[in-house]
Engineer: 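One structure coming up, written as structure tokens, with questions to follow.
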Amino acid sequence: MEAQIKDIEGAKIDDYMSFRFWQGKWDISVSAKSPRAKYFADFDLDGNLKKFKKN
């Protein structure tokens, strides 16, 4: 997540993350906030980015 938000001014990663077990697979969900937007990312257990979106 740090690599995804490094160029976003004022963005900070939230102090928590979620682990989900869905359809036989584990995912890790992390979020970050900047003064202008929120960001969400999903990773597999090896740390590979699966999805990154701005909300």
Engineer: List the atom pairs, with distances to 0.1 Å, where a side-chain N or O of residues 43-55 and a protein N or O form a donor-acceptor pair under 3.5 Å, not counting sequence neighbours.
Structural biologist:
residue	atom	partner	partner atom	Å
Asp44	OD1	Asp46	N	3.0
Asp44	OD1	Gly47	N	3.1
Asp44	OD1	Asn48	N	2.9
Asp44	OD2	Asn48	ND2	3.2
Lys50	NZ	Asp27	OD1	2.6

Engineer: Under a 4.5 Å side-chain heavy-atom rule over Ile, Leu, Val, Met, Phe, Trp and Tyr, are Trp26 and Phe40 clustered together?
Structural biologist: no
Engineer: Extract all donor-acceptor atom pairs below 3.5 Å that involve side chains of residues 5-20 and protein atoms in other chains or at least two apart in sequence.
Structural biologist:
residue	atom	partner	partner atom	Å
Asp14	OD2	Ser31	OG	2.4
Arg20	NH2	Asp42	OD1	3.3
Arg20	NH2	Asp42	OD2	3.2

